There are 4 protein chains.
Amino acid sequence: MTTSRATSTRYQQQHQRAIAAAASVFAKKGFHGATTQDIANEMGIQQGSLYYYFDSKEAALEEVCLFALRDYLSRMEVLATQPGSITNKLGKAIQSHLASYRTHHEAMKVHNEQRLYLADTRREQLKTLGSRYRELLEQLFSAGVKDGSLNPQLDCRFSARSLIGLCNYWGVMLLRDTRLDIEDIGARCLELTLQGSLPPRIEQHL
Amino acid sequence: MTTSRATSTRYQQQHQRAIAAAASVFAKKGFHGATTQDIANEMGIQQGSLYYYFDSKEAALEEVCLFALRDYLSRMEVLATQPGSITNKLGKAIQSHLASYRTHHEAMKVHNEQRLYLADTRREQLKTLGSRYRELLEQLFSAGVKDGSLNPQLDCRFSARSLIGLCNYWGVMLLRDTRLDIEDIGARCLELTLQGSLPPRIEQHL
Amino acid sequence: MTTSRATSTRYQQQHQRAIAAAASVFAKKGFHGATTQDIANEMGIQQGSLYYYFDSKEAALEEVCLFALRDYLSRMEVLATQPGSITNKLGKAIQSHLASYRTHHEAMKVHNEQRLYLADTRREQLKTLGSRYRELLEQLFSAGVKDGSLNPQLDCRFSARSLIGLCNYWGVMLLRDTRLDIEDIGARCLELTLQGSLPPRIEQHL
Amino acid sequence: MTTSRATSTRYQQQHQRAIAAAASVFAKKGFHGATTQDIANEMGIQQGSLYYYFDSKEAALEEVCLFALRDYLSRMEVLATQPGSITNKLGKAIQSHLASYRTHHEAMKVHNEQRLYLADTRREQLKTLGSRYRELLEQLFSAGVKDGSLNPQLDCRFSARSLIGLCNYWGVMLLRDTRLDIEDIGARCLELTLQGSLPPRIEQHL
DNA sequence: AATGAATGAGCATTCATTCAT
DNA sequence: TATGAATGAATGCTCATTCAT
């Protein structure tokens, strides 16, 4: 067992705590509105000590965004390869998307709202991961079109992006109002996505 | 005609330019990331002169948000009272919502993303206007349910909010990518909202 | 008469005071040992106000060095074109060099001891001016060799540089010990440079 | 043989390496511009470990200066008591002075340029050693005057200090430009000191 | 003999705001 | 109406130093 900084258990634990603290503070105050003092307070350490875990405030933002996006994407990758009907998979994707807002300390919100404040060089990896997510979701719609369970006229790119916009909207609402029920919101989002608002079809595909 | 500050034509013109400049800068850099110097540069005046038009940076944010919301709401009020089918009105509401992103110097984006940085006292009016907008939209859905043109099971509150989330998502995309066509995006948003993604019904209600 | 920042009398006066204050502080504490607070105190303004006159601490160092070198060089340029014997001109060059330590608020000392802490891009102009000074001095020696008043074997480049080293050494001593007499030191430097330390020649060339 | 800290061979070796590392770093960046991290990096140890060898950063500077000055002085002491002509001894003193710049890891440069940043209490010993060096050199000139090999009018104090200034100037040049030849520079310094720049005497004393 | 973690004071720089003119 | 000058508080970041292990 090595005890170098990168692999030290103590270091890794504190590093994770630092990311969580930064996520929480950035979510509340925004990147520019938050201070490194805020983050240090949230962690219970001195301001200067924060720099043992982050190279800079901007690096902290990058780490928060990556943390959110990696987990979010990995669940989607798993989901995409599993068996099941398209509508079923879409429902699970929505649930997973919404759940990440509740379980990841606001990191998702930070990613969505603050990532544009990162310098271009820091955003490259995020862009790659984000594109991959959109692609996977788009493929889900495409598969549904191909197997006849979705409308053949569907613009899958538009649909995938709209679903992301919808989930992000409700994800933020979930953070703001903890009384909202994730499963309920998720079910409604799925229904809207599939059925729209018109009166029901005679023959139901759900 | 008096020439006092409030009613001077020159003053009012410059004041409008100041709001537009602030909107543009806040949209690009966020409230905390923007400086009064940035806004002054955008207007072509000195930093100190800005205080002739705004009491403070936060007051500038408030004015930008109010500017966006008032216009946005007023168009909705007009729309609500006019004759026409529900689906038709929904289409016009979507178009109006998206259009405000293109015609109002990013003020809508600022409202959506930065209004939370305002002190509570400054947000009250915004909350009122915002609630009113949501209500009007919700009433549109309710009316559709009542007259049979929408699904009787519809949760109108959820639908109205989802539509707002959807339009805000695409509104930001419209700002970011000027090649996107507003009318096209609007039409697709309406279709998604009404039809969802399932294969078309035998008897079409559009 | 314009009143733009660069040409405003008030601005220029304060700017000059800022350079003098920075020179004094850098001379005493070194570039890295000095704080912007020290400089502001020396000027009697607030620390933040200093940035109205300097872009950065490093820019202040650059200005101090340029200030010293420009004046120092300009006197040498004048001297070089004036009539008189070489030995006479050398004496005047020495006096001028030493005098700049007493009349320029330690800026010369700062140039000699701190200029290496400037980033390369900031040093270019200084290098040009410094080279020019060395050249002029070297030409003085060369002229002396040519007209027979100096030793034909002389390495003029070495001599010029040695004289600079000598004058800088005594210049710093003049700053440190105000009882030392500039003219006396200058005369001795000239004598050493011309005569060395051996017993006098039978036939004197002075 | 005890193995206590002070006499442990391992400790002494590392201590010497620490002094050399500090000398190198201080020479490059100046005392205030250098960090203890820089010194630790140069040695290949951790920052905290440095405090096993130095009580403080300032103590490190003191040790570097003492290291330089002791060696430099001891060679002069030896030289002073050895037989030979004055001019011969002067030549050796110059060589020794210049050589210390090349062989002692820039410690001499640090002594000359950074010792003023030491607190007064830490500088006392340095002052004593420095004065002793100047004295020895002055005595060399005095002896030359007495035995008739140097100019009877010579101000020996001025000459000794000037020679130190000259050697320090060229010493730094030797560090900066490794292509310069020590013996060549030394010979020219001696010649300048003895002969000056006038045409040669009829009867040469070298 | 050496290290990793943490500290806390200090520093350069930024910036919203004020105000005399 | 507008500006130039100044302020002073805040902030990101650095760094010498300490100490348990």
Side-chain angles (χ1 to χ4, degrees), chain A residues 3-6 8 10-11 14 32-40 43-60, chain B residues 3 5 8 10-11 14-15 32-40 43-60, chain C residues 3-6 8 10-11 14-15 32-40 43-60, chain D residues 3 5 8 10-11 13-15 32-40 43-60:
Chain A
T3 44
S4 87
R5 176 156 148 182
S8 137
R10 166 76 176 158
Y11 181 85
Q14 289 286 78
H32 286 116
T35 70
T36 55
Q37 182 69 65
D38 292 332
I39 303 175
M43 264 190 85
I45 62 172
Q46 293 301 114
Q47 188 196 21
S49 307
L50 205 62
Y51 285 77
Y52 196 70
Y53 300 103
F54 293 132
D55 284 342
S56 68
K57 191 185 168 191
E58 206 191 346
Chain B
T3 46
R5 176 158 151 179
S8 140
R10 167 74 174 154
Y11 179 85
Q14 287 289 77
H15 189 203
H32 286 115
T35 70
T36 55
Q37 182 69 67
D38 291 331
I39 302 174
M43 266 190 82
I45 63 174
Q46 292 303 112
Q47 192 187 15
S49 310
L50 206 62
Y51 284 76
Y52 196 70
Y53 300 105
F54 293 131
D55 284 343
S56 68
K57 192 186 169 191
E58 205 191 349
Chain C
T3 43
S4 86
R5 175 156 152 183
S8 137
R10 167 75 176 160
Y11 181 85
Q14 289 286 78
H15 189 203
H32 286 116
T35 69
T36 55
Q37 181 68 67
D38 291 332
I39 302 175
M43 264 189 86
I45 62 172
Q46 292 301 114
Q47 190 191 20
S49 308
L50 206 60
Y51 284 77
Y52 196 70
Y53 301 103
F54 292 132
D55 284 344
S56 67
K57 192 185 169 191
E58 205 191 349
Chain D
T3 44
R5 175 159 151 179
S8 140
R10 166 74 174 156
Y11 180 84
Q13 280 177 346
Q14 287 287 77
H15 189 203
H32 286 115
T35 70
T36 55
Q37 182 70 66
D38 291 331
I39 303 175
M43 267 189 83
I45 63 173
Q46 293 302 112
Q47 192 187 16
S49 310
L50 206 62
Y51 284 75
Y52 196 71
Y53 300 105
F54 293 131
D55 284 344
S56 69
K57 192 186 169 190
E58 206 191 349

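To find a chain, count down the sequence lines: A is the first, B the second, and so on, and within it residues start at 1. As the structure is a prediction and not an experimental result, all values here were calculated from the model.
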Which part of the nucleic acid, if any, lies within reach of A:Ala60 when heavy atoms closer than 4.0 Å are counted: base, sugar-phosphate only, or nothing? nothing
Distance from D:Met43 atom CE to D:Tyr53 atom OH, nearest 0.5 Å? 6.0 Å
Nearest 0.5 angstrom please: D:His15 NE2 to D:Arg10 CZ, how far? 14.0 Å
Quick one: closest heavy-atom pair of D:Ser56 and D:Tyr51, and the distance? CA-CE2, 4.1 Å
Please check the phosphate of F:dA2 (OP1 and OP2 only) for any side-chain N or O of B:Tyr52 closer than 4.0 Å. no
Hey, is the side chain of D:Gln46 poking within less than 4.0 Å of OP1 or OP2 on E:dA2, counting only N and O atoms? no
Indicate the atoms forming the closest heavy-atom contact of D:Lys57 with D:Ala34, along with that distance. NZ-O, 2.8 Å
Position toward the 5' end of DNA chain F (nearest nucleotide), B:Gly44 or C:Gln14: B:Gly44
Dot-bracket for DNA chain F: what is it, with Watson-Crick or G-U pairs under 3.5 Å, [ ] where a pair crosses earlier ones, and | for a pair to another strand? .||||||||||||||||||||
Roughly how many Å is it from CZ in A:Phe54 to P in F:dT14, rounded to a whole number? 15 Å
Which heavy atom in B:Gly33 sits nearest to a heavy atom in A:His32, and how many Å separate them? CA-ND1, 3.3 Å
F:dA2 phosphate, OP1 or OP2, under 4.0 Å from B:Arg10 side-chain N/O: yes
With a 4.0 Å cut-off on heavy atoms, is B:Ala40 in touch with a base, just the backbone sugar-phosphate, or nothing at all? nothing
Rounded to whole angstroms, how far apart are CG on D:Asp38 and P on F:dC15? 8 Å
Return whichever of C:Leu50 or A:Gln37 has its heavy-atom-nearest nucleotide of DNA chain F closer to the 5' end. C:Leu50
Here's a test of your reading of the structure: between B:His32 and D:Ile45, which maps to the more 5' nucleotide of DNA chain E? D:Ile45
Separation between OH (A:Tyr52) and CD1 (A:Ile45), nearest 0.5 Å, reads 11.5 Å
On a heavy-atom basis, the closest approach of C:Thr36 and C:Leu50 is O-CD2, 3.6 Å
Give me the distances for all protein-to-nucleotides 17-21 of chain E N/O pairs that come in under 3.5 Å?
unit_1: E:dT17; atom_1: OP2; unit_2: B:Tyr51; atom_2: OH; d: 2.7
unit_1: E:dT17; atom_1: OP2; unit_2: B:Lys57; atom_2: N; d: 2.9

